[in-house]
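Here the structure comes first, spelled out in structure tokens, and everything after it is commentary.
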Number of protein chains: 2
Amino acid sequence: MEQEFKEYIDSYLKTFVDLNSDELSFINSSLSIRKYNKKEFLFESGMVQKEVGFVCKGFLRRYYINEKGNKITTGFINENNYATDYPSFIRQKPSKYFIECLEPSVIIKFPYNKIQEGYTKFKAIEMYGRLIAEWVLTVQTDRVESFLFENAEERYLKFIDQNKDIINRVSLSHLASYLGIERQSLSRIRSKIAKK
Amino acid sequence: MEQEFKEYIDSYLKTFVDLNSDELSFINSSLSIRKYNKKEFLFESGMVQKEVGFVCKGFLRRYYINEKGNKITTGFINENNYATDYPSFIRQKPSKYFIECLEPSVIIKFPYNKIQEGYTKFKAIEMYGRLIAEWVLTVQTDRVESFLFENAEERYLKFIDQNKDIINRVSLSHLASYLGIERQSLSRIRSKIAKK
DNA sequence: GTTTACCTGTCACATTTGTGACAAAGTTAT
DNA sequence: ATAACTTTGTCACAAATGTGACAGGTAAAC
């Protein structure tokens, strides 16, 4: 099984950067793989992430527990995405997030130290790091704009339009907190839309 | 004047990455400098940014005009920051933003093509690109969290706490739209706080 | 100095969203 | 199959925010 998923991620990475055999063998020797059950945690609040997780199979969410004890979902992670709190991983600072499996998952892990080693030794890996950061930057900017330019209903409609692949994997409560509203409000929005 | 500001940005860049003489001369030969008056635009909505601007002196804002014709400020840019719409610059796609000088400004410009050339030719420049992207990613993530975890009053208090250096350069209206509320709401919040 | 344009504070009212409660439906564990 | 738990939909009321209006203050332009 290991070999199968290693080849899977190799071909995924190659869609972004050209990797020579040195770089590929460095990457393959650096990563490990693990299966998770539903409700298991990739990591919990307070931890420093020693590795970043790449989702080969499964579905996860990232959430934060606020002062009132409410769980606020800030991201869903499906296949071919990285399960991490980027800012805390980059700085190697404790994260305030939990990452929880919503489905049984298969995760490939890259250790932080190996990534840094890859950045200094291999130009293609440094470039891949920049491209990933630029991509996340873009995603986060879109999300800031969604709060500034759109109301809750528009954010909801946009979400279901842009996430047809995962929409039937997320619960109403999780989605509501991701959109920045209460579950009752999302319920209201849904019934309002249904009447149209 | 040119030389003065070129030395200024050289020493700024050196605080992030080690630059050898090849890299420094490449950078210095790539950049140009320009003065702007108050109310002048660095670029306007619909344009593809051929260059990124580094603010040596001055103060600017980035804003978007929505369907109702309202100007929504999404960022303030002061000294030692880049005046750009990153996502559109990265992809070389037209921006929906205006960047306007709120004060007379001195801006150093890096052409997009030169930056890409720098990325491929110089490892230190590629690394600097990654660090900048990682930094912007972190800033944008903080901003998303501010919408999810905080109400308008908390966002306002956090802003004045974290931006003591520019707080007296921004107007109430601009700040309100940056916080995602109407100017009347910010006015209300201010008077509510004043009563405490 | 005067005029003009813009910015700010405040008000009343409308709309949106949050809060707490409850019941029905669905899911999980035993 | 049953019981325990979770999720969802709905309601009434409270709180927050948006909207349109107006007046006074400030700054820029002539």
Side-chain angles (χ1 to χ4, degrees), chain A residues 36-40 59 61 63 65-73 76 98 100-104 146-160 166-196, chain B residues 36-40 59 61 63 65-73 76 98 100-104 146-160 166-196:
Chain A
Y36 287 81
N37 296 323
K38 188 172 176 174
K39 293 195 180 175
E40 267 197 283
F59 194 56
R61 71 162 170 152
Y63 71 82
I65 299 184
N66 69 9
E67 333 72 50
K68 298 173 189 167
N70 298 323
K71 293 175 181 173
I72 302 179
T73 298
F76 302 103
F98 296 78
E100 177 193 23
C101 294
L102 299 173
E103 299 174 5
S146 78
F147 286 107
L148 286 174
F149 306 158
E150 298 162 14
N151 61 27
E153 181 176 339
E154 288 166 336
R155 291 204 294 283
Y156 171 67
L157 289 172
K158 188 173 163 189
F159 184 90
I160 58 175
I166 60 166
I167 191 70
N168 50 357
R169 299 165 97 173
V170 313
S171 75
L172 176 137
S173 325
H174 295 168
L175 179 53
S177 69
Y178 180 81
L179 297 172
I181 56 179
E182 293 298 316
R183 56 180 194 79
Q184 292 93 329
S185 298
L186 181 52
S187 208
R188 252 190 299 238
I189 289 170
R190 277 186 172 174
S191 62
K192 180 184 161 196
I193 291 171
K195 282 173 192 161
K196 286 179 182 172
Chain B
Y36 286 81
N37 296 321
K38 189 173 176 173
K39 293 193 180 176
E40 266 196 285
F59 194 56
R61 70 162 170 153
Y63 70 83
I65 299 184
N66 69 10
E67 332 71 54
K68 297 174 188 165
N70 298 322
K71 294 175 182 175
I72 302 179
T73 299
F76 302 103
F98 296 79
E100 177 194 23
C101 295
L102 298 174
E103 300 175 5
S146 78
F147 287 107
L148 288 175
F149 305 158
E150 298 162 14
N151 60 29
E153 181 177 340
E154 289 166 335
R155 291 203 294 280
Y156 171 67
L157 289 172
K158 188 172 164 189
F159 184 91
I160 58 175
I166 60 166
I167 191 69
N168 50 357
R169 299 166 97 174
V170 312
S171 74
L172 175 136
S173 325
H174 295 168
L175 178 53
S177 69
Y178 179 81
L179 297 173
I181 56 178
E182 293 297 316
R183 56 180 194 79
Q184 292 93 329
S185 297
L186 181 52
S187 208
R188 253 190 300 239
I189 289 170
R190 276 187 172 174
S191 62
K192 180 184 161 195
I193 291 171
K195 283 174 192 161
K196 287 180 180 173

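Convention: sequence-line order gives letters A, B, ...; per-chain numbering from 1.
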Please report the distance, rounded to the nearest Å, between CD in B:E182 and C1' in C:dA14.
14 Å

Test A:T73 against every option in A:R61, A:H174, A:E100 by the side-chain hydrogen bond (donor to acceptor under 3.5 Å, both in side chains) rule and name the one that passes.
A:R61

Expressed as a whole number of angstroms, how long is the span from A:E153:CD to C:dT16:P?
9 Å

I want to verify a distance call: between D:dG18, C:dT10, C:dT17, whose nearest atom is closest to the A:S185 side chain?
C:dT17

Rounded to the Å, how far apart are A:L148 CG and D:dT17 P?
15 Å

At less than 4.0 Å, is any side-chain N or O atom of B:S187 found next to OP1 or OP2 of C:dG9? Yes or no.
yes

Using heavy-atom distances to pick each residue's nearest nucleotide on DNA chain C, tell me which of B:Q184 and B:K39 is more 5'.
B:K39

B:E103 CD to D:dA28 P, in whole Å, measures 12 Å

Please determine whether a side-chain nitrogen or oxygen atom of B:S173 lies at a distance below 4.0 Å from atom OP1 or OP2 of C:dC6.
no

Report yes if a side-chain nitrogen or oxygen of A:R190 is closer than 4.0 Å to either non-bridging phosphate oxygen (OP1 or OP2) of D:dG9; otherwise report no.
yes

Atom NZ of A:K38 to atom C1' of C:dT28: distance rounded to whole Å?
9 Å

If I compare all heavy atoms of A:A152 with all of A:I181, which pair ends up nearest, and what's the gap?
CB-CG2, 3.7 Å

Using a 6.0 Å cut-off, check whether atom NZ of B:K158 has over 12 heavy atoms from anything other than its own residue.
yes

Using atom CG of A:L175 as one end and atom P of D:dG9 as the other, report the distance to the nearest whole Å.
11 Å

Of the nucleotides D:dT17, D:dT8, C:dT8, which one has an atom closest to the side chain of B:S171?
C:dT8

Over all strands shown, is B:R183 touching base, sugar-phosphate only, or nothing at heavy-atom distances under 4.0 angstrom?
base

Length of the CD-P vector between B:E100 and C:dC6, whole Å
12 Å

Given atom CG of A:N151 and atom C1' of D:dA16, what is their separation to the nearest angstrom?
16 Å

Look at the rings of B:Y63 and B:F98 and say which category their plane angle falls in: under 30° parallel, 30 to 60° tilted, over 60° perpendicular.
parallel

Which sits closer to the 5' end of DNA chain D, A:R188 or A:V170, going by the nucleotide each is nearest to?
A:V170

Ignoring hydrogens and geometry beyond distance, is a side-chain donor-acceptor pair present between B:R190 and B:Y156 at under 3.5 Å?
yes

